[in-house]
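Here is how names work: the chains are called A, B, and so on, in the same order as the sequence lines, proteins then strands, and each is numbered from 1.
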Amino acid sequence: MTTRPSSPTRDWILHVDLDQFIAAVEILRHPELRGKPVVVGGSGDPTQPRTVAATATYEAREHGIHSGMPLRTALKRCPDAIFLPSDPPAYEAASERVMAVLREFPVRVEVWGWDEAFIGATTDDPEALAAGLQDAVRARTDLSCSVGIGDNKHQAKLASGFAKPAGIYRLTSDNWAEIMNARPTDALWGIGAKTSKKLAALGLHTVADLAAADPAALAGAFGPTNGPWYRYLALGKGEAEVVTTPWIARGHSRETTFPHDLTDKTEITRHVTALAEHVAHDAATAGREVIRVSVKVRFTPFLTRTRQSKLPTPTADPDILARTAVAILDRFDLTRPVRLLGVAVDYTMPDK
DNA sequence: TCTGGGGTCCTAGGACCC
DNA sequence: TCTGGGGTCCTAGGACCC
(Lines give C-alpha, C1' and ligand atoms only; values in the text may rest on other atoms or scores of the structure.)
Protein backbone atom coordinates (compact mmCIF):
# COMPACT_ATOMS: atom_id res chain seq x y z
CA MET A 1 0.00 0.00 0.00
CA THR A 2 1.53 3.25 -1.07
CA THR A 3 0.67 6.44 0.72
CA ARG A 4 0.21 9.76 -0.95
CA PRO A 5 0.01 13.13 0.64
CA SER A 6 -3.70 13.85 0.66
CA SER A 7 -4.99 16.60 -1.62
CA PRO A 8 -7.69 19.08 -0.77
CA THR A 9 -11.05 18.47 -2.36
CA ARG A 10 -11.12 20.57 -5.50
CA ASP A 11 -11.65 20.50 -9.27
CA TRP A 12 -9.25 18.51 -11.42
CA ILE A 13 -8.94 17.85 -15.12
CA LEU A 14 -8.06 14.31 -16.16
CA HIS A 15 -7.08 13.22 -19.65
CA VAL A 16 -7.86 9.64 -20.55
CA ASP A 17 -5.87 8.35 -23.51
CA LEU A 18 -6.46 4.83 -24.80
CA ASP A 19 -3.19 3.02 -25.41
CA GLN A 20 -2.53 1.98 -29.01
CA PHE A 21 -6.25 2.28 -29.58
CA ILE A 22 -6.68 1.09 -33.16
CA ALA A 23 -4.17 -1.72 -32.77
CA ALA A 24 -5.74 -2.76 -29.47
CA VAL A 25 -9.21 -2.96 -31.03
CA GLU A 26 -7.87 -5.05 -33.89
CA ILE A 27 -6.13 -7.44 -31.47
CA LEU A 28 -9.42 -7.87 -29.60
CA ARG A 29 -11.09 -8.83 -32.86
CA HIS A 30 -8.21 -11.08 -33.89
CA PRO A 31 -6.81 -12.56 -30.65
CA GLU A 32 -4.52 -14.88 -32.60
CA LEU A 33 -2.53 -11.80 -33.69
CA ARG A 34 -1.52 -10.86 -30.14
CA GLY A 35 2.24 -10.56 -29.88
CA LYS A 36 2.69 -10.35 -33.66
CA PRO A 37 3.78 -7.42 -35.82
CA VAL A 38 0.51 -5.93 -37.07
CA VAL A 39 0.12 -2.86 -39.26
CA VAL A 40 -3.27 -1.22 -39.86
CA GLY A 41 -3.93 1.12 -42.73
CA GLY A 42 -5.75 1.78 -45.99
CA SER A 43 -7.41 -1.27 -47.47
CA GLY A 44 -4.79 -3.49 -45.88
CA ASP A 45 -2.94 -4.15 -49.13
CA PRO A 46 0.74 -3.38 -48.48
CA THR A 47 1.56 -3.34 -52.18
CA GLN A 48 -0.82 -0.43 -52.82
CA PRO A 49 1.16 2.76 -53.42
CA ARG A 50 0.34 6.00 -51.58
CA THR A 51 -1.17 4.24 -48.59
CA VAL A 52 0.23 4.75 -45.09
CA ALA A 53 0.00 2.99 -41.75
CA ALA A 54 -2.65 4.31 -39.34
CA THR A 55 -0.94 2.48 -36.52
CA ALA A 56 1.49 -0.36 -35.81
CA THR A 57 1.78 -2.69 -32.83
CA TYR A 58 4.84 -2.59 -30.57
CA GLU A 59 6.08 -5.76 -32.29
CA ALA A 60 5.88 -4.01 -35.67
CA ARG A 61 7.58 -0.91 -34.22
CA GLU A 62 10.55 -3.05 -33.32
CA HIS A 63 11.10 -3.38 -37.08
CA GLY A 64 11.16 0.40 -37.45
CA ILE A 65 7.54 0.67 -38.58
CA HIS A 66 5.49 3.61 -37.34
CA SER A 67 2.24 5.34 -38.14
CA GLY A 68 2.43 7.49 -41.22
CA MET A 69 4.91 5.17 -42.90
CA PRO A 70 3.97 4.02 -46.41
CA LEU A 71 2.71 0.44 -46.29
CA ARG A 72 5.15 -0.52 -49.04
CA THR A 73 8.02 0.62 -46.84
CA ALA A 74 6.58 -1.25 -43.87
CA LEU A 75 6.38 -4.40 -45.97
CA LYS A 76 10.05 -4.07 -46.90
CA ARG A 77 11.04 -3.58 -43.26
CA CYS A 78 9.01 -6.52 -42.03
CA PRO A 79 7.87 -8.95 -44.76
CA ASP A 80 6.20 -11.12 -42.08
CA ALA A 81 4.02 -8.31 -40.73
CA ILE A 82 0.26 -8.79 -40.83
CA PHE A 83 -1.54 -5.98 -42.67
CA LEU A 84 -5.14 -5.17 -41.76
CA PRO A 85 -7.54 -2.71 -43.40
CA SER A 86 -8.62 0.32 -41.43
CA ASP A 87 -12.20 -0.10 -40.13
CA PRO A 88 -13.46 3.23 -38.79
CA PRO A 89 -16.97 1.98 -37.80
CA ALA A 90 -15.38 -0.65 -35.54
CA TYR A 91 -13.22 1.99 -33.84
CA GLU A 92 -16.21 4.28 -33.45
CA ALA A 93 -18.17 1.48 -31.75
CA ALA A 94 -15.31 0.63 -29.40
CA SER A 95 -14.86 4.31 -28.59
CA GLU A 96 -18.53 4.67 -27.66
CA ARG A 97 -18.28 1.72 -25.29
CA VAL A 98 -15.33 3.34 -23.53
CA MET A 99 -17.02 6.75 -23.27
CA ALA A 100 -20.12 5.09 -21.81
CA VAL A 101 -17.95 3.52 -19.09
CA LEU A 102 -16.40 6.91 -18.26
CA ARG A 103 -19.84 8.54 -18.06
CA GLU A 104 -20.92 6.11 -15.34
CA PHE A 105 -18.57 7.88 -12.94
CA PRO A 106 -19.71 11.02 -11.12
CA VAL A 107 -17.66 13.20 -13.48
CA ARG A 108 -18.07 15.41 -16.53
CA VAL A 109 -16.86 13.82 -19.79
CA GLU A 110 -15.73 15.70 -22.89
CA VAL A 111 -15.05 13.34 -25.79
CA TRP A 112 -11.95 14.36 -27.73
CA GLY A 113 -11.77 12.06 -30.72
CA TRP A 114 -11.97 8.28 -30.82
CA ASP A 115 -9.38 7.52 -28.23
CA GLU A 116 -9.32 10.46 -25.83
CA ALA A 117 -11.53 12.20 -23.32
CA PHE A 118 -11.15 15.00 -20.83
CA ILE A 119 -12.75 14.45 -17.44
CA GLY A 120 -13.79 17.18 -15.05
CA ALA A 121 -14.03 15.98 -11.48
CA THR A 122 -14.19 17.24 -7.94
CA THR A 123 -12.21 15.00 -5.59
CA ASP A 124 -9.52 14.89 -2.93
CA ASP A 125 -7.81 11.90 -4.56
CA PRO A 126 -7.45 12.26 -8.34
CA GLU A 127 -5.07 9.30 -8.53
CA ALA A 128 -7.71 7.01 -7.02
CA LEU A 129 -10.24 8.31 -9.52
CA ALA A 130 -7.77 7.75 -12.36
CA ALA A 131 -7.12 4.18 -11.21
CA GLY A 132 -10.85 3.57 -10.93
CA LEU A 133 -11.38 4.78 -14.50
CA GLN A 134 -8.56 2.55 -15.76
CA ASP A 135 -9.90 -0.50 -13.94
CA ALA A 136 -13.44 0.03 -15.20
CA VAL A 137 -12.34 0.57 -18.80
CA ARG A 138 -10.18 -2.54 -18.68
CA ALA A 139 -12.87 -4.67 -17.02
CA ARG A 140 -15.61 -3.60 -19.41
CA THR A 141 -13.79 -3.23 -22.71
CA ASP A 142 -10.47 -5.07 -22.35
CA LEU A 143 -8.74 -1.84 -23.38
CA SER A 144 -5.88 -0.16 -21.57
CA CYS A 145 -5.59 3.57 -21.03
CA SER A 146 -3.23 6.13 -19.60
CA VAL A 147 -4.51 8.93 -17.42
CA GLY A 148 -3.03 12.38 -16.94
CA ILE A 149 -4.03 14.62 -14.05
CA GLY A 150 -3.77 18.41 -14.26
CA ASP A 151 -5.25 21.75 -13.35
CA ASN A 152 -6.24 22.30 -16.97
CA LYS A 153 -6.53 20.40 -20.25
CA HIS A 154 -3.03 21.28 -21.41
CA GLN A 155 -1.40 19.91 -18.27
CA ALA A 156 -3.62 16.81 -18.22
CA LYS A 157 -2.94 16.10 -21.89
CA LEU A 158 0.83 16.26 -21.46
CA ALA A 159 0.56 14.22 -18.26
CA SER A 160 -1.22 11.35 -20.01
CA GLY A 161 1.66 11.26 -22.46
CA PHE A 162 4.09 10.85 -19.57
CA ALA A 163 1.83 8.14 -18.11
CA LYS A 164 2.02 5.83 -21.14
CA PRO A 165 1.54 2.99 -21.22
CA ALA A 166 -1.25 2.26 -18.76
CA GLY A 167 0.06 4.63 -16.09
CA ILE A 168 -1.08 7.67 -14.13
CA TYR A 169 0.83 10.96 -13.97
CA ARG A 170 0.11 14.25 -12.26
CA LEU A 171 1.30 17.50 -13.87
CA THR A 172 -0.02 20.63 -12.19
CA SER A 173 1.09 24.20 -11.67
CA ASP A 174 3.01 22.94 -8.60
CA ASN A 175 5.45 20.76 -10.56
CA TRP A 176 5.10 22.32 -14.03
CA ALA A 177 8.39 24.23 -14.01
CA GLU A 178 10.32 21.30 -12.56
CA ILE A 179 8.97 18.85 -15.16
CA MET A 180 8.68 21.07 -18.23
CA ASN A 181 11.16 23.96 -18.11
CA ALA A 182 14.14 22.12 -19.61
CA ARG A 183 12.13 20.50 -22.41
CA PRO A 184 12.08 21.77 -26.00
CA THR A 185 9.18 24.05 -26.95
CA ASP A 186 7.56 21.41 -29.14
CA ALA A 187 6.84 19.39 -25.99
CA LEU A 188 3.91 21.79 -25.54
CA TRP A 189 0.50 20.83 -26.91
CA GLY A 190 -0.02 23.16 -29.87
CA ILE A 191 3.60 23.87 -30.75
CA GLY A 192 4.87 21.68 -33.55
CA ALA A 193 8.03 21.36 -35.57
CA LYS A 194 7.60 24.55 -37.62
CA THR A 195 6.84 26.86 -34.72
CA SER A 196 9.53 25.26 -32.57
CA LYS A 197 12.11 25.97 -35.27
CA LYS A 198 10.94 29.55 -35.64
CA LEU A 199 11.16 30.01 -31.87
CA ALA A 200 14.67 28.57 -31.85
CA ALA A 201 15.67 31.13 -34.47
CA LEU A 202 14.59 33.78 -31.95
CA GLY A 203 16.82 32.16 -29.33
CA LEU A 204 13.89 30.46 -27.58
CA HIS A 205 14.81 26.80 -27.25
CA THR A 206 13.19 25.56 -24.07
CA VAL A 207 9.87 25.91 -22.34
CA ALA A 208 11.58 28.13 -19.77
CA ASP A 209 12.94 30.38 -22.54
CA LEU A 210 9.47 30.75 -24.02
CA ALA A 211 7.84 31.38 -20.64
CA ALA A 212 10.25 34.27 -20.06
CA ALA A 213 9.89 35.75 -23.57
CA ASP A 214 8.41 39.17 -24.27
CA PRO A 215 4.74 38.79 -25.29
CA ALA A 216 4.93 41.80 -27.61
CA ALA A 217 7.93 40.33 -29.42
CA LEU A 218 6.08 37.02 -29.77
CA ALA A 219 3.04 38.86 -31.12
CA GLY A 220 5.26 40.55 -33.69
CA ALA A 221 6.66 37.22 -34.85
CA PHE A 222 3.57 35.02 -34.67
CA GLY A 223 0.57 37.32 -34.71
CA PRO A 224 -1.53 38.91 -31.99
CA THR A 225 -3.30 35.72 -30.96
CA ASN A 226 -0.69 33.02 -31.49
CA GLY A 227 2.36 34.81 -30.10
CA PRO A 228 1.04 35.50 -26.60
CA TRP A 229 -0.71 32.12 -26.64
CA TYR A 230 2.61 30.28 -27.00
CA ARG A 231 3.97 31.98 -23.90
CA TYR A 232 0.77 31.15 -22.08
CA LEU A 233 1.31 27.47 -22.97
CA ALA A 234 4.91 27.62 -21.74
CA LEU A 235 3.65 28.85 -18.38
CA GLY A 236 1.52 25.72 -18.09
CA LYS A 237 -1.76 27.50 -18.56
CA GLY A 238 -4.68 26.27 -20.61
CA GLU A 239 -8.39 25.74 -20.92
CA ALA A 240 -9.96 24.27 -17.79
CA GLU A 241 -13.61 24.06 -18.80
CA VAL A 242 -14.97 20.61 -19.63
CA VAL A 243 -17.77 20.82 -22.19
CA THR A 244 -20.13 17.87 -22.06
CA THR A 245 -22.46 18.95 -24.87
CA PRO A 246 -21.73 17.30 -28.22
CA TRP A 247 -19.38 19.16 -30.52
CA ILE A 248 -20.99 20.91 -33.48
CA ALA A 249 -18.78 20.40 -36.53
CA ARG A 250 -17.64 23.55 -38.34
CA GLY A 251 -17.28 21.75 -41.60
CA HIS A 252 -16.74 18.47 -43.36
CA SER A 253 -14.62 17.11 -46.19
CA ARG A 254 -13.85 14.10 -48.33
CA GLU A 255 -10.64 13.59 -50.21
CA THR A 256 -8.96 10.86 -52.19
CA THR A 257 -5.35 10.19 -53.05
CA PHE A 258 -5.20 8.19 -56.23
CA PRO A 259 -2.74 5.29 -56.48
CA HIS A 260 -1.80 6.66 -59.90
CA ASP A 261 -1.96 10.22 -61.18
CA LEU A 262 -4.96 11.60 -63.02
CA THR A 263 -4.37 13.66 -66.16
CA ASP A 264 -7.69 13.44 -67.98
CA LYS A 265 -9.90 16.47 -67.31
CA THR A 266 -13.10 14.46 -67.76
CA GLU A 267 -11.96 11.94 -65.19
CA ILE A 268 -10.89 14.68 -62.76
CA THR A 269 -14.28 16.36 -63.13
CA ARG A 270 -16.04 13.04 -62.55
CA HIS A 271 -14.13 12.51 -59.28
CA VAL A 272 -14.80 16.05 -58.03
CA THR A 273 -18.50 15.61 -58.80
CA ALA A 274 -18.60 12.35 -56.86
CA LEU A 275 -16.75 13.87 -53.90
CA ALA A 276 -19.14 16.84 -53.82
CA GLU A 277 -22.16 14.54 -53.93
CA HIS A 278 -20.65 12.48 -51.14
CA VAL A 279 -20.15 15.58 -48.98
CA ALA A 280 -23.68 16.77 -49.82
CA HIS A 281 -25.05 13.43 -48.69
CA ASP A 282 -23.05 13.64 -45.45
CA ALA A 283 -24.35 17.15 -44.83
CA ALA A 284 -27.96 16.14 -45.42
CA THR A 285 -27.54 13.11 -43.14
CA ALA A 286 -26.16 15.37 -40.43
CA GLY A 287 -29.00 17.83 -40.97
CA ARG A 288 -26.60 20.64 -41.85
CA GLU A 289 -26.46 23.28 -44.57
CA VAL A 290 -23.39 24.41 -46.48
CA ILE A 291 -22.28 28.04 -46.80
CA ARG A 292 -18.89 27.57 -48.50
CA VAL A 293 -17.37 25.00 -50.86
CA SER A 294 -13.63 24.36 -51.25
CA VAL A 295 -11.83 22.20 -53.77
CA LYS A 296 -8.35 20.86 -53.05
CA VAL A 297 -5.98 19.61 -55.70
CA ARG A 298 -2.64 18.02 -54.95
CA PHE A 299 -0.38 17.86 -57.96
CA THR A 300 2.63 15.64 -58.51
CA PRO A 301 5.05 15.68 -56.83
CA PHE A 302 3.30 17.19 -53.78
CA LEU A 303 2.08 20.69 -54.54
CA THR A 304 -1.27 21.42 -52.91
CA ARG A 305 -3.64 24.18 -53.94
CA THR A 306 -7.13 25.12 -52.76
CA ARG A 307 -9.88 27.29 -54.21
CA GLN A 308 -13.13 28.11 -52.51
CA SER A 309 -16.31 30.03 -52.96
CA LYS A 310 -19.12 31.18 -50.75
CA LEU A 311 -22.61 30.16 -51.73
CA PRO A 312 -25.31 32.83 -52.17
CA THR A 313 -27.67 30.73 -50.04
CA PRO A 314 -27.00 27.89 -47.60
CA THR A 315 -27.95 24.49 -49.01
CA ALA A 316 -27.28 20.77 -48.90
CA ASP A 317 -28.53 20.22 -52.46
CA PRO A 318 -26.16 17.72 -54.13
CA ASP A 319 -26.65 19.24 -57.60
CA ILE A 320 -25.79 22.75 -56.42
CA LEU A 321 -22.76 21.56 -54.45
CA ALA A 322 -21.52 19.45 -57.35
CA ARG A 323 -21.99 22.27 -59.86
CA THR A 324 -20.23 24.69 -57.53
CA ALA A 325 -17.31 22.32 -57.02
CA VAL A 326 -16.90 21.77 -60.75
CA ALA A 327 -16.99 25.53 -61.35
CA ILE A 328 -14.27 25.98 -58.72
CA LEU A 329 -12.25 23.22 -60.39
CA ASP A 330 -12.15 25.33 -63.55
CA ARG A 331 -10.13 27.96 -61.69
CA PHE A 332 -7.18 25.56 -61.33
CA ASP A 333 -4.36 25.15 -63.79
CA LEU A 334 -4.76 21.44 -64.45
CA THR A 335 -1.81 20.94 -66.76
CA ARG A 336 0.13 18.98 -64.15
CA PRO A 337 -0.76 15.41 -63.10
CA VAL A 338 -3.11 15.19 -60.13
CA ARG A 339 -2.54 12.83 -57.20
CA LEU A 340 -5.29 14.03 -54.83
CA LEU A 341 -8.70 15.63 -55.12
CA GLY A 342 -10.80 16.86 -52.22
CA VAL A 343 -14.04 18.69 -51.60
CA ALA A 344 -14.62 20.45 -48.29
CA VAL A 345 -17.54 22.49 -47.02
CA ASP A 346 -18.17 24.90 -44.20
CA TYR A 347 -21.49 24.51 -42.44
CA THR A 348 -23.77 27.28 -41.32
CA MET A 349 -23.55 27.45 -37.53
CA PRO A 350 -26.63 27.53 -35.35
CA ASP A 351 -27.30 30.87 -33.67
CA LYS A 352 -25.65 31.23 -30.33
C1' DT B 1 10.10 6.81 -45.59
C1' DC B 2 7.87 9.88 -52.49
C1' DT B 3 4.74 11.38 -48.30
C1' DG B 4 -3.56 9.27 -45.74
C1' DG B 5 -7.80 11.41 -44.26
C1' DG B 6 -10.45 14.41 -41.44
C1' DG B 7 -10.61 18.19 -38.70
C1' DT B 8 -9.77 23.35 -36.24
C1' DC B 9 -8.03 27.88 -35.95
C1' DC B 10 -5.19 31.85 -37.36
C1' DT B 11 -3.01 35.18 -40.61
C1' DA B 12 -2.28 38.05 -44.55
C1' DG B 13 -3.78 40.42 -48.34
C1' DG B 14 -7.08 42.17 -51.65
C1' DA B 15 -11.69 44.11 -52.74
C1' DC B 16 -14.90 47.22 -51.56
C1' DC B 17 -17.16 50.86 -49.11
C1' DC B 18 -17.60 55.12 -46.53
C1' DT C 1 -5.92 65.50 -58.48
C1' DC C 2 -0.62 60.58 -57.66
C1' DT C 3 -3.58 59.98 -53.26
C1' DG C 4 -6.11 59.02 -46.20
C1' DG C 5 -7.66 55.74 -43.21
C1' DG C 6 -10.68 52.48 -41.13
C1' DG C 7 -13.83 48.58 -41.25
C1' DT C 8 -15.63 44.35 -43.15
C1' DC C 9 -15.89 40.50 -46.13
C1' DC C 10 -13.69 37.01 -48.70
C1' DT C 11 -9.99 33.98 -50.17
C1' DA C 12 -5.64 31.22 -49.93
C1' DG C 13 -2.43 29.19 -47.27
C1' DG C 14 -0.22 27.50 -43.12
C1' DA C 15 0.25 25.11 -38.69
C1' DC C 16 -1.26 21.83 -35.71
C1' DC C 17 -3.80 17.85 -33.97
C1' DC C 18 -5.72 12.91 -33.93
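Across the protein-nucleic acid pair, D115(A) atom CG and dG6(B) atom C1' stand 14 Å apart, rounded to whole Å. Rounding to whole angstrom units, NE2 of residue H271(A) and P of dG5(B) are separated by 13 Å. As a whole-Å value, the separation of I191(A) CD1 from dG14(C) C1' is 16 Å. Straight-line distance from the CG atom of L18(A) to the C1' atom of dC18(C): 13 Å, rounded to whole Å. When rounded to the nearest whole Å, the span between CZ of R307(A) and P of dG14(B) equals 15 Å. Spacing between atom CZ of F222(A) and atom P of dA12(B) amounts to 12 Å, rounded to whole angstrom units. The separation between W114(A) atom CH2 and dG5(B) atom P is 14 Å, rounded to whole Å. Rounded to an integer number of Å, the gap from NE2 of H66(A) to P of dC18(C) is 17 Å.
In this structure, G223(A) reaches the sugar-phosphate backbone alone: every heavy-atom distance under 4.0 Å involves primed, P, OP1 or OP2 atoms, never a base. As judged by a 4.0 angstrom heavy-atom cut-off over every strand, K197(A) is placed among residues making no nucleic acid contact. Here S294(A) lies out of heavy-atom contact (under 4.0 Å) with every strand. In this structure, A74(A) reaches neither bases nor backbone, as no heavy-atom distance under 4.0 Å exists between it and the strands shown. Using a 4.0 Å heavy-atom criterion, one finds that W189(A) contacts the sugar-phosphate atoms exclusively. Note on R339(A): a base of the nucleic acid sits closer than 4.0 angstrom, heavy atoms only. Note on S86(A): nothing from the nucleic acid sits closer than 4.0 angstrom, heavy atoms only. Among the heavy atoms of the strands lying under 4.0 Å from T73(A) are primed sugar atoms or P, OP1, OP2 only; no base atom is included. Within 4.0 Å of R72(A), counting heavy atoms only, lies no atom of the nucleic acid at all.
Distance from the side chain of R292(A) is smallest for dT11(C) among the nucleotides dG6(B), dG4(B), dT11(C). The side chain of E255(A) has dG6(B) as its nearest neighbour among dG6(B), dG13(C), dC18(C). Closest to the side chain of P70(A), from the set dT1(B), dT11(C), dG13(C), is dT1(B).
Rounded to the nearest Å, the gap between the C1' atom of dC17(C) and that of dG4(B) is 15 Å.
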Can you list the steps and then say if D330(A) with K265(A) is a salt bridge (Lys or Arg N to Asp or Glu O under 4.0 Å)?
-> CA-CA 10 Å; D330(A) 277 333; K265(A) 178 72 190 294; 3.0 Å; yes
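Contacts between residues 224-253 of chain A and DNA chain B, counted as heavy-atom distances below 4.0 Å, involve P224(A), T225(A), N226(A), W247(A), A249(A), R250(A), G251(A), H252(A), S253(A).
Residue M69(A) is the one, among R298(A) and M69(A), whose nearest nucleotide of DNA chain B lies closer to the 5' end (criterion: closest heavy atom).
Closest approach of Q134(A) and G167(A) over heavy atoms only: NE2-O, 2.9 Å. Counting all heavy atoms, side chain and backbone alike, A53(A) lies closest to H66(A) at CB-O, 3.9 Å.
Distance alone, capped at 3.5 Å, places no donor-acceptor pair between the W176(A) side chain and the N181(A) backbone. The backbone N or O of Q308(A) sits less than 3.5 Å from a side-chain atom of R331(A), completing a donor-acceptor pair. At least one donor-acceptor pair under 3.5 Å links the side chain of R250(A) to the backbone N or O of I248(A). Here the side chain of T57(A) pairs a donor or acceptor atom with the backbone of K36(A) at under 3.5 angstrom.
Contact annotation: K198(A) does not reach the phosphate of dA15(C) (side-chain N/O to OP1 or OP2, under 4.0 Å). OP1 and OP2 of dT3(B) both lie 4.0 Å or more from every side-chain N or O belonging to T257(A). Residue R305(A) places at least one side-chain N or O under 4.0 Å from the OP1 or OP2 atom of dG13(C). The phosphate of dG4(B) has neither OP1 nor OP2 within less than 4.0 Å of any side-chain N or O from R50(A).
Taking a pair as Watson-Crick or G-U with both hydrogen-bonding distances under 3.5 Å, the stems of three or more pairs touching DNA chain B are B:5-18 with C:5-18.
Residues meeting the ring-ring contact (aromatic ring centres under 6.0 Å, His included) test with F299(A), sequence neighbours left out: none.
Stacking of F302(A) onto the six-membered ring of dC2(B) is not present when judged by under 5.5 angstrom between centres and under 30° between planes.
The shortest distance between side-chain heavy atoms of L18(A) and Y91(A) does not fall below 4.5 Å.
With respect to the salt-bridge test (charged N to carboxylate O, under 4.0 angstrom), the residues D264(A) and R270(A) do not qualify.
Remark: the D11(A) side chain and the T122(A) side chain contain an N/O donor-acceptor pair separated by less than 3.5 Å.
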